[in-house]
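Have a look at the structure below, then the notes.
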Amino acid sequence: MRFPEVTLRLPDWVERMLVDPERTYPSAEDRMRLAIELSRASIRHGAGGPFGAAIFDRETYKLLAPGVNLAIASGYPVAHAEMVAIMLAQRLVGDLGGERQPPYELVASTEPCAMCLGATASYSGLRYLTCGARSEDAEEIGFDEGTKPAGWVRSLEGRGIGVARGVCRDEATSVLRRYAEEGGEIY
Ligand SMILES: [Zn+2]
């Protein structure tokens with residue numbers, strides 16, 4: 001094959017942050033704080049954009065898969081935190097929307113961009129999407145969220161995906177601002 005293989009790997013510090021596989025995250029705020037913590041740690045480790053995501057089992061409230069933005073670290077601009085979490089989760093349990101699966105939730109420190117929204121809506125099998133910072137909070141510091149349909153929330157709900165927005169929004173937005181203030185790369 002003259003074309004290369006594509007591999008994505010979480011940085012080791014992500015696993016070091018998540019030492020207890022039995023830990024539960026019962027409230028939306030608990031789950032969001034993990035996504036925000038991942039976004040904050042991404043800045044600290046210079047891994048990439050200030051975005052974190054995580055997929056949770058909404059029956060046990062345990063973490064299935066974390067995601068951090070690997071766009072800069074991996075050289076794949078499509079390696080957004082949400083995409084990384086979705087791909088890891090799919091490797092772990094297969095189709096997230098399969099018949100015998102519990103409902104899975106994607107928690108994203110910032111509302112997904114147009115690409116991640118498409119993946120969430122059509123190719124993930126997720127049943128819930130929970131967002132922290134709003135798209136306009138990311139756009140305010142220069143990130144491009146792409147063109148999303150105006151009625152994207154209703155459209156997801158129409159596909160059976162429950163949406164919650166603005167969970168811990170101030171905390172999530174403060175990470176974005178800090179990244180911009182410290183001169184982080186905006187791409
Ligand atoms: Zn994205």
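Both ligands and their constituent atoms are indexed starting at 1 by order of listing.
Evaluation of the side-chain contact (heavy atoms from CB on, under 4.5 Å) rule for E99 yields no partner, not counting sequence neighbours. Evaluation of the side-chain contact (heavy atoms from CB on, under 4.5 Å) rule for A53 yields A81, E82, A85, L106 as partners, not counting sequence neighbours. Take A41 and apply the side-chain contact (heavy atoms from CB on, under 4.5 Å) test, not counting sequence neighbours, and it matches W13, M17, R44, H45.
Both cation-pi conditions hold for R58 and Y128: the charged atom is under 6.0 angstrom from the six-membered ring centre and inside a 45 degree cone around its axis.
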For E22 and K62: C-alpha separation, side-chain torsions, deciding distance, then whether salt bridge (Lys or Arg N to Asp or Glu O under 4.0 Å) applies.
CA-CA 7 Å; E22 296 306 311; K62 286 182 189 168; 2.7 Å; yes
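The Zn ion (ligand 1) has H80 ND1, C113 SG, C116 SG as its protein N, O or S neighbours under 2.8 Å.
With salt bridges taken as basic N to acidic carboxylate O contacts below 4.0 Å, one links R165 and E111.
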